[in-house]
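The basis for the numbers below is simple: all heavy atoms, side chains too, and nothing from hydrogens, waters or symmetry mates. When a ligand or atom number is given, it counts from 1 through the structure's own listing order.
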Amino acid sequence: MPASLDYVATMHGVWRAGGIAIPLNVSSAVSELNHYLTCASVTRMIANGKYRESLVDLCADLNIELVSVDDVISDTASDLPTLVPERRAMMLFTSGTTNKPKGVVSTHKTISAQITTLIEAWSWTEDDIIPLFLPVHHIHGIINILSCGLWAGATVHLFAKFDIPTITAEIITGTYNVFMAVPTIYVKLIQYFDTITDAEVQKICDGFKPMRLNISGSAACPVKLFNQWRDLTGQILLERYGMTEIGMGISNPYNGERRAGHVGQPLPGVEAKLFDEEHNPITEENVPGEIRIKGDNVFLEYWDNEKATIESFVDGWFCTGDVAVIDNGYYRIMGRSSIDIIKSGGYKLSALEIEGVLLTHDDIIEVAVIGTEDETWGESVVAFVAVADGRQLEYETLKEWCNGKMSSYKIPKTLKLIDALPRNAMGKVTKPDLKKLI
Ligand code: MCA
Ligand code: AMP
């Protein structure tokens with residue numbers, strides 16, 4: 001379900017009944033859903049309308065009971081179980097450096113910690129009104145906006161998608177006092193300003209001006225964007241850093257200096273430290289290391305994947321794979337330790353997962369996927385492909401072939417045909433060499 005009252009009722013129903021809620025992406029391809037449902041051993045799928053229709057065959061194949069919200073919603077509450085905070089509550093699928101996304105399991109305790117931290121740090125109150133137009137199968141939409149809003153008794157306006165004219169119409173009338181989005185959304189708003197009159201732009205910027213808070217996160221906010229947004233709206237963006245496995249970890253302050261290009265300091269209740277490759281903590285400023293996190297906000301486990309869970313912790317610290325420095329007291333993210341993780345439009349993508357799909361194409365014999373810098377999307381997906389002798393491959397044909405095999409944001413935006421992929425002496429593809437070819 002997209003963001004809707006049915007979504008909220010279902011999520012809370014599953015939680016109160018002691019189940020594990022697994023919110024899924026409404027625009028997933030069937031093969032992606034198949035992986036999530038099988039991996040998570042899902043027993044029951046709740047979907048409405050056209051989404052329900054499209055799931056009939058898949059659920060039948062996987063022996064999953066498919067019901068609509070109306071089938072399960074009731075006026076009279078049954079006796080509900082008493083839940084211990086350690087009970088598993090939610091599983092979100094996230095890409096990593098393995099081929100297929102993994103299920104990140106959080107407990108009621110994890111979720112409560114993630115929410116209460118933000119309520120305190122960002123001064124949520126019941127007077128807040130916020131739009132939710134981000135997808136509701138990720139932390140940003142589910143925890144930072146929806147759950148914090150409900151916990152605080154605030155008002156959350158639910159939108160099934162990010163539709164600029166609809167949302168800006170509300171902003172003009174001063175409906176909202178808090179706004180949270182990924183950097184791509186701010187870029188898209190600024191691009192939209194080029195398509196409307198100056199007077200209309202002014203009205204929208206005047207709607208942003210009195211808000212108490214504008215937040216950017218899920219991907220790096222370029223300094224240029226930070227400055228553009230301040231010049232247009234007077235809003236000093238609060239940038240923060242998070243991850244599916246930890247919720248939010250590090251944030252610029254609500255009161256105090258919000259520094260462009262930096263993500264601030266650990267949130268209340270969250271321990272963060274940088275470590276070098278030998279697992280030694282780094283204490284000096286401006287020395288890069290991996291961000292590691294401890295706290296009640298950290299997830300319980302990767303579902304049914306003990307090996308991955310064990311490997312992602314060292315001495316009780318969760319290893320994020322993000323590299324940062326501390327620069328004059330604030331964390332500054334330098335990038336990720338793996339070239340195979342791409343952040344595009346705020347979505348975390350696995351190059352290996354996309355390569356796995358492309359390799360099923362009859363004409364493709366070799367493929368390597370990388371992310372390149374992109375002003376709108378943060379990073380954009382590029383596929384280097386070697387085709388079989390005598391075969392041709394056009395970008396448009398490949399794009400069409402990809403439809404239905406992966407969500408649209410994973411489909412490569414650029415195709416580079418190449419005779420053979422560059423490899424090192426060990427035969428491993430050297431992706432940094434590919435970056436130089438762009
Ligand atoms: C879509 N398109 C893209 C991409 N996505 N092109 C390049 N790169 C992309 N990533 C293309 C489509 O193929 C289509 O092209 C056209 O853009 C419109 O597609 P549509 O899906 O309608 O795009 P949109 O609605 O404008 O989507 C942009 C979006 C969306 C609203 C920014 O990407 C989004 O909601 N992102 C947020 C994801 C998020 O919530 N991440 C948080 C994860 P054509 O027309 O040619 O077919 S949680 C997280 O990261 C942690 C915990 C954290 O810190 O928050
Ligand atoms: P996800 O797995 O979708 O939760 O994505 C989490 C990843 O998003 C992190 O590991 C970071 O690489 C990235 N990320 C989130 N917030 C920021 C930020 N403010 N700056 C840079 N990267 C970020």
Side-chain angles (χ1 to χ4, degrees), residues 2-3 25-27 92-97 101-102 104 106 114 118 132-146 159-164 167 180-189 191-192 215-222 225-226 237-252 260-264 290-291 293 297 299 318-324 330-338 341-350 354 371-372 374-382 395-396 399-400 402-403 406-414:
N25 183 357
V26 286
S27 62
L92 300 179
F93 278 86
T94 188
S95 298
T97 48
K102 300 190 287 280
V104 174
S106 45
Q114 292 178 353
L118 298 186
L132 169 54
F133 42 74
L134 292 177
V136 276
H137 63 285
H138 279 309
I139 291 274
H140 198 155
I142 301 170
I143 300 292
N144 296 21
I145 301 176
L146 181 60
F159 295 91
K161 68 189 291 281
F162 176 60
D163 177 57
I164 296 187
I167 289 156
M180 294 187 195
V182 299
T184 299
I185 299 261
Y186 291 103
V187 174
K188 282 186 170 263
L189 282 166
Q191 289 170 347
Y192 175 68
I215 292 187
S216 171
S218 300
C221 174
L225 178 61
F226 179 98
L237 283 172
L238 183 157
E239 184 175 5
R240 69 4 172 233
Y241 161 85
M243 194 173 180
T244 304
E245 287 87 337
I246 64 163
M248 296 304 106
I250 304 174
S251 173
N252 274 283
H262 294 68
V263 293
E290 184 189 28
I291 303 177
I293 302 281
N297 57 304
F299 76 125
F318 172 68
C319 306
T320 63
D322 290 307
V323 177
Y330 277 20
Y331 281 75
R332 179 157 54 84
I333 313 273
M334 317 275 291
R336 282 171 298 277
S337 53
S338 170
I341 300 291
I342 301 169
K343 259 275 157 160
S344 189
Y347 284 111
K348 187 178 182 194
L349 312 178
S350 160
I354 300 171
T372 54
D374 185 283
E375 270 210 14
T376 303
W377 303 102
E379 285 185 297
S380 173
V381 179
V382 181
Y395 175 67
E396 286 305 324
K399 185 179 168 195
E400 205 163 302
C402 287
N403 274 327
M406 54 179 119
S407 308
S408 69
Y409 48 85
K410 295 182 189 168
I411 298 176
K413 297 302 167 270
T414 309

Student: Is there a protein heavy atom at a distance of less than 4.0 Å from atom 4 (C) of ligand 1?
Tutor: yes
Student: Report yes if some heavy atom in the side chain of I185 is under 4.5 Å from a heavy atom in the side chain of L134; otherwise report no.
Tutor: yes
Student: Which protein heavy atom lies closest to atom 16 (N) of ligand 2, and at what distance to 0.1 Å?
Tutor: S218 N, 3.3 Å
Student: Could you check which of K413, M180, R240 puts a non-hydrogen atom nearest to atom 7 (C) of ligand 1?
Tutor: K413
Student: Heavy atoms of the protein only: does one fall short of 4.0 Å from atom 19 (O) of ligand 1?
Tutor: no
Student: Please list, in number order, the atoms of ligand 1 under 4.0 Å from a heavy atom of T244.
Tutor: 52 (C)
Student: When you measure from atom 23 (O) of ligand 1 to each heavy atom in W377, Y186, Y409, Y241, which option holds the nearest one?
Tutor: W377
Student: Going by heavy atoms in the side chains, are I246 and F299 under 4.5 Å from each other?
Tutor: no
Student: Establish whether atom 29 (C) of ligand 1 and some protein heavy atom are separated by less than 4.0 angstrom.
Tutor: no
Student: Contact between ligand 2 and H140 is defined here as a heavy atom of the residue under 4.0 Å from a ligand atom; is it met?
Tutor: no
Student: Can we call the ring centroids of F133 and F159 under 6.0 Å apart?
Tutor: no
Student: Using a 4.0 Å cutoff against the non-hydrogen atoms of E239, which atoms of ligand 2 qualify?
Tutor: 18 (C), 19 (N), 20 (N)
Student: So between G378, S408, G371, whose heavy atom ends up nearest atom 21 (O) of ligand 1?
Tutor: S408
Student: Are any of the N/O atoms on K161, whether in the backbone or the side chain, positioned under 3.5 angstrom from an N/O atom of ligand 1?
Tutor: no
Student: Got the closest protein heavy atom to atom 26 (O) of ligand 1, with its distance?
Tutor: K188 NZ, 3.5 Å
Student: Are I291 and I250 packed together at the side-chain level, in the sense that at least one heavy-atom pair is separated by less than 4.5 angstrom?
Tutor: yes
Student: Counting only heavy atoms closer than 4.0 Å, does ligand 2 sit against the backbone of S95, its side chain, both, or neither?
Tutor: neither
Student: Counting each atom of ligand 1 from 1 as listed, which ones have a heavy atom of T184 under 4.0 Å away?
Tutor: 32 (C)
Student: Got the closest protein heavy atom to atom 6 (C) of ligand 2, with its distance?
Tutor: G242 O, 3.5 Å
Student: Of all the non-hydrogen atoms in the protein, which one sits nearest to atom 1 (P) of ligand 2, and at what distance?
Tutor: T244 OG1, 3.3 Å
Student: Starting from atom 49 (C) of ligand 1, find the nearest protein heavy-atom neighbour and note its residue, name and distance.
Tutor: S218 OG, 3.6 Å
Student: Quick one: does D322 get an N or O within less than 3.5 Å of an N or O on ligand 2?
Tutor: yes
Student: Is there at least one pair of N or O atoms, one from Y347 and one from ligand 1, spaced under 3.5 Å apart?
Tutor: no
Student: Which of the numbered atoms in ligand 2 are under 4.0 angstrom from any heavy atom belonging to R336?
Tutor: 12 (O)
Student: With a cut-off of 4.0 Å, which atoms of ligand 2 are near a heavy atom of T94?
Tutor: 2 (O)
Student: Only counting residues at least two apart or in another chain, list the ones meeting side-chain contact (heavy atoms from CB on, under 4.5 Å) with D374.
Tutor: T376, W377, S380
Student: Please examine the side chains of F318 and N297, heavy atoms only from C-beta on, and report whether any two atoms are closer than 4.5 Å.
Tutor: no
Student: Please could you name the atoms of ligand 2 that V263 approaches to less than 4.0 Å, counting only its heavy atoms?
Tutor: 19 (N)
Student: Strictly less than 4.0 Å: does any protein heavy-atom distance to atom 14 (C) of ligand 1 fall in that range?
Tutor: no
Student: Under 4.0 angstrom from ligand 1, any heavy atom of M243?
Tutor: yes
Student: What's the shortest distance from atom 2 (O) of ligand 2 to any protein heavy atom, and which residue and atom give it?
Tutor: K348 CD, 2.9 Å
Student: Any N/O of G346 closer than 3.5 Å to an N/O of ligand 1?
Tutor: yes
Student: Would you call the rings of H137 and Y347 parallel, tilted or perpendicular, where under 30° means parallel and over 60° means perpendicular?
Tutor: parallel
Student: For atom 17 (C) of ligand 2, what's the nearest protein heavy-atom neighbour? Residue, atom name and distance, please.
Tutor: A219 N, 3.6 Å
Student: Taking C-beta and beyond as the side chain, do E245 and T320 meet within less than 4.5 Å on heavy atoms?
Tutor: no
Student: Under 3.5 Å, is there a donor-acceptor pair linking the side chains of Y241 and N252?
Tutor: no
Student: Would atom 46 (O) of ligand 1 count as contacted, meaning some protein heavy atom under 4.0 Å?
Tutor: yes
Student: Tell me whether the centres of the aromatic rings in Y186 and F226 are closer together than 6.0 Å.
Tutor: no
Student: Would you mind finding which of H137, H140, K343 brings a heavy atom closest to atom 50 (O) of ligand 1?
Tutor: K343
Student: Can you name the residues that form a side-chain contact (heavy atoms from CB on, under 4.5 Å) with I341, not counting sequence neighbours?
Tutor: T97, R336, S338, K348
Student: Take every heavy atom of P135, measure it against each atom of ligand 1, and state whether any distance is under 4.0 Å.
Tutor: yes
Student: Could you check whether atom 55 (O) of ligand 1 has a protein contact, counting only heavy atoms that fall below 4.0 angstrom?
Tutor: yes
Student: Show which atoms of ligand 1 fall inside a sub-4.0 Å distance from at least one heavy-atom site of H138.
Tutor: 43 (C), 48 (S)
Student: Could you work out, for atom 36 (N) of ligand 1, the closest of G345, P183, S344 by heavy-atom distance?
Tutor: G345
Student: Counting non-hydrogen protein atoms only, what is the nearest one to atom 44 (P) of ligand 1? Give residue, atom name and distance.
Tutor: K399 NZ, 4.0 Å
Student: Taking E239 for its side chain and C221 for its backbone only, find out whether a donor-acceptor pair lies under 3.5 Å.
Tutor: yes
Student: At less than 4.0 angstrom from any non-hydrogen atom of I139, what atoms of ligand 1 do you find?
Tutor: 52 (C)
Student: Taking distance alone, with N or O pairs closer than 3.5 Å, would you say E245 contacts ligand 2?
Tutor: no
Student: Between I185 and ligand 1, find which residue part has any heavy-atom pair under 4.0 Å and reply side chain, backbone, both or neither.
Tutor: side chain
Student: List the closest protein heavy-atom neighbour of atom 21 (C) of ligand 2: residue, atom name, distance to the nearest 0.1 Å.
Tutor: A220 N, 3.3 Å
Student: If you measure every N or O of K343 against every N or O of ligand 2, does any of those distances drop under 3.5 Å?
Tutor: yes
Student: For Q191, does the CD atom sit with more than 12 other heavy atoms under 6.0 Å from it, leaving out its own atoms?
Tutor: yes
